[in-house]
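Accompanying notes for the structure given below.
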Amino acid sequence: MKIALVHDFLNKPGGAEKVLLALAKMYPEAPIYTLVYDPAYTSKDFPHRKIIASSLQNYPEFIRKRLKFLLPKMSSAIEEFDFTAYDAVISSSNSFAHGIITTPKTFHLCYCHSPMRYAWDWSNEYLAENNVNYGLIGFVVRSMIAKIRQWDRIVADRVDAYVANSINVAGRIKKYYRLDSTVVYPPVETEQIAPQKKNLGYYMISSRLEPYKKVDLAVKVFNKNGLPLWIVGDGSQLEFLRSVAKDNIKFLGWQKPSSVFGYLSTAKAFVFPGEDDFGIAPVEALAAGLPVIAHNKGGVRETVKEGKTGFFFDEQTVESMSEAVDKLEANYTKIDKNLCRESANQFSTENFEINFKRIFDQKYQEFRRKYDVK
């Protein structure tokens, strides 16, 4: 069987890219199609892999690093690719990759990280974060997002089978696309993460430092309570966060996975202030035996058990998050670290590979029978 992989963008590591890495390992001969890529990144995580980019790759690097300027062109760019030579295509999508066009004889399975959030349930937050008002620029941007939303709904039907990364995302697929999906949780390298070796007393965050991740909220909380907080990650908010953080907050920058796992092994607890579709980082923390403090929305509700492996806060406010930190401080000795690790093991890379392959094979055979593909 000849298979191709499709991914939105290959310019920096993240949760979706960890899924693609697992898929690339499962299907080593499959080339990877993407809208744009950064050779410096792909040479490290996808060495010797054939990467095929859209025409957007021809834009100057300073534009490719500012993807929002290419947003109006992405829907047409993803449709450029020719998949006539393939029996099956697996798209890894949280925005445009699922919009590829395949022939009637080519099976298309989409591993959906989420329907594009800035076009649907996060559209208002996206506009606010980018300071888009109701002036002329606001009219243009809102019109563009409306057109992308229409395109997204239409192309959703091009997919032959959806796999959702969580029950949370399966609900979005049903709401916005009116389509069913099968849940296969993302791969987490639980086997690579050692249990807590020594508690050095610091809370930890591992995240992209972008506005939607709400790391600024955690900085405000720990500025107030004075507890040590170590932050791993890079992004557009790094310098701003550094400028407002007090001395009890330490910024470690981007770290390779093995280093992140090392910091987890000596942390006290993990903080997850944003909302994610699934949230691989909290599961990595659980695998180290750490309790998690998290916002009570999104995929983390499927991975963290209130009062047993962590504590939730309902509102993204200093008061609400502070209450969760206080609960953890008061109940820390009651947390069962073995239960944390056990709860993380169900999301292992091995389980992902087994479950994904089973669903892929099943849906592929159903496709062949339904359309009498020879």
- Task: Might you confirm whether atom CD of E350 has over 12 heavy atoms from other residues, nucleotides or ligands at distances under 6.0 Å?
- Result: no

Counting only pairs under 3.5 Å, give me each side-chain donor-acceptor contact of residues 179-188, with atom names and distances, residues two or more places apart or in other chains.
residue: D180; atom: OD1; partner: K174; partner atom: NZ; Å: 2.8
residue: Y185; atom: OH; partner: E302; partner atom: OE1; Å: 2.7

### Message
I'd like to know if the side chain of E79 and the backbone of S76 have a donor-acceptor N/O pair within less than 3.5 Å.
### Response
no

key: Neighbour count above 12 (heavy atom, 6.0 Å) for Y202 OH   = yes

Exercise. Relative to the ring of Y364, is the ring of F367 parallel (under 30°), tilted (30 to 60°) or perpendicular (over 60°)?
Worked result: parallel

Could you tell me if the side chain of L200 sits less than 4.5 Å from the side chain of Y263, heavy atoms only? no

What one should report as the nearest heavy-atom pair of S206 and V260 is OG-CG1, 3.9 Å

- Message: Quick check: is L339 connected to F312 through a chain of hydrophobic side chains (ILVMFWY, heavy atoms under 4.5 Å apart)?
- Response: no

D247, CG: over 12 other non-hydrogen atoms inside 6.0 angstrom: no

dist K370:NZ -> Q365:CD (nearest 0.5 Å) comes out at 15.0 Å

Across all chains, not counting sequence neighbours, the side-chain contact (heavy atoms from CB on, under 4.5 Å) partners of K268 are N199, Y203, E329, Y332

Would you call R242-E239 a salt bridge at under 4.0 Å N-O?
yes

task: Report yes if the side chains of L67 and M74 come closer than 4.5 Å at any heavy-atom pair, otherwise no.
output: yes

Residue pairs passing the side chain to side chain donor-acceptor pair (under 3.5 Å) test with at least one member in residues 221-230, sequence neighbours excluded, are none

Applying salt bridge (Lys or Arg N to Asp or Glu O under 4.0 Å) to E323 and not counting sequence neighbours gives none

Checking side-chain contact (heavy atoms from CB on, under 4.5 Å) for the pair D276/K213: CA distance, chi angles, key distance, verdict?
CA-CA 8 Å; D276 219 336; K213 292 294 188 178; 3.3 Å; yes

Notebook entry, point to check: So do the side chains of P211 and S236 get within less than 4.5 Å of each other, counting heavy atoms only?
Noted result: yes

Do D157 and R153 have side chains that approach each other closer than 4.5 Å (heavy atoms only, starting at C-beta)? yes

List the steps, then state whether ring-ring contact (aromatic ring centres under 6.0 Å, His included) holds for Y59 with F69. CA-CA 11 Å; Y59 280 81; F69 295 121; over 10 Å; no

R117 meets the salt bridge (Lys or Arg N to Asp or Glu O under 4.0 Å) criterion, sequence neighbours left out, with D121, E275, D277

Taken in chain and number order and not counting sequence neighbours, the residues that satisfy salt bridge (Lys or Arg N to Asp or Glu O under 4.0 Å) with K363 are E366

Query - Under 3.5 Å side-chain donor-acceptor pair for S55 and E80 - result: yes

For residues 43-52, the side chain to side chain donor-acceptor pair (under 3.5 Å) pairs (sequence neighbours left out) are Y41-D45

Could you list the donor-acceptor pairs under 3.5 angstrom formed between side-chain atoms of residues 20-35 and any protein atom two or more places apart in sequence or on another chain?
residue: Y33; atom: OH; partner: Y86; partner atom: OH; Å: 3.0
residue: T34; atom: OG1; partner: H7; partner atom: O; Å: 3.0
residue: T34; atom: OG1; partner: D8; partner atom: O; Å: 3.1
residue: T34; atom: OG1; partner: V36; partner atom: O; Å: 3.4

### Query
What's the verdict on side-chain contact (heavy atoms from CB on, under 4.5 Å) for V271 and V221, showing C-alpha distance, side-chain angles and the deciding distance?
CA-CA 11 Å; V271 181; V221 170; over 6 Å; no

Residues 307-320 vs side chain to side chain donor-acceptor pair (under 3.5 Å), sequence neighbours excluded, gives N296-D314

### H108 backbone acceptor or donor facing D160 side chain under 3.5 Å
yes

Q | Hphob cluster co-occupancy, L217 + F311, side-chain heavy atoms under 4.5 angstrom | A | yes

*In terms of hydrophobic clustering (I, L, V, M, F, W, Y; side-chain heavy atoms under 4.5 Å; direct or indirect links), are V232 and V215 co-clustered?*
no

d(T102 OG1, D82 CG) to nearest 0.5 Å is 11.0 Å

d(L252 CG, I231 CD1) to nearest 0.5 Å is 8.5 Å

Query raised in the report: Do the side chain of R149 and the main chain of A119 share a donor and acceptor less than 3.5 angstrom apart?
Result: yes

Are side-chain heavy atoms of V304 and F270 found at a separation under 4.5 Å? no

>> Using the ring centroid of each side chain, check whether F347 and F278 are separated by less than 6.0 Å.
In response: yes

All heavy atoms of C112 vs all of V169, minimum pair found to be O-CG1, 3.5 Å

**Prompt:** With hydrophobic residues grouped by side-chain heavy-atom distances under 4.5 Å, do I205 and W254 end up in a single group?
**Reply:** no

Hits for side-chain hydrogen bond (donor to acceptor under 3.5 Å, both in side chains) against D152, two or more places apart or cross-chain, chain-then-number order -> H98, W120, Y177

#### Entry: Side chain H295, main chain F313, donor-acceptor under 3.5 Å
yes

Between the CZ atom in R301 and the CG atom in N168, the distance rounded to the nearest 0.5 Å is 8.5 Å

Would you say N248's side chain and F222's backbone share a donor-acceptor pair under 3.5 angstrom? yes

Is a side-chain donor or acceptor of Q150 paired with a backbone partner of K147 at a separation under 3.5 angstrom?
-> no

So CD of E61 and CG of D38: to nearest 0.5 Å the spacing works out to 6.5 Å

message = Check whether R208 reaches the backbone of P13 with its side chain - one donor and one acceptor, N or O, closer than 3.5 Å.
response = yes

What donor-acceptor contacts under 3.5 angstrom involve side-chain atoms of residues 189-196, with partners at least two apart or in another chain?
residue: Q196; atom: OE1; partner: K337; partner atom: NZ; Å: 2.2
residue: Q196; atom: NE2; partner: A267; partner atom: O; Å: 2.3

By salt bridge (Lys or Arg N to Asp or Glu O under 4.0 Å), D216 pairs with (sequence neighbours left out) none

>> Using the rule given for side-chain contact (heavy atoms from CB on, under 4.5 Å), can you reason through Q362 versus I359, listing the C-alpha separation, both sets of side-chain angles and the distance that settles it, and then say yes or no?
In response: CA-CA 5 Å; Q362 173 190 328; I359 296 301; 4.2 Å; yes

Note to self: Could you tell me if the side chain of V163 sits less than 4.5 Å from the side chain of F360, heavy atoms only?
What the structure shows: no

Do I280 and K18 come within less than 4.5 Å of each other through their side chains, counting heavy atoms only?
yes

Rounded to the nearest 0.5 angstrom, the CG-OG distance for D234 and S207 is 11.0 Å

Can M321 be reached from V244 by stepping across I, L, V, M, F, W or Y side chains whose heavy atoms are under 4.5 Å apart? yes

Any non-hydrogen side-chain atom of L241 less than 4.5 Å from a side-chain atom of I249? no

Which word best sums up how the rings of Y111 and H113 line up, parallel for under 30°, tilted for 30 to 60°, or perpendicular for over 60°? perpendicular

Steps toward side-chain contact (heavy atoms from CB on, under 4.5 Å) verdict (L264, F261): CA-CA 5 Å; L264 287 173; F261 300 159; 4.2 Å; yes

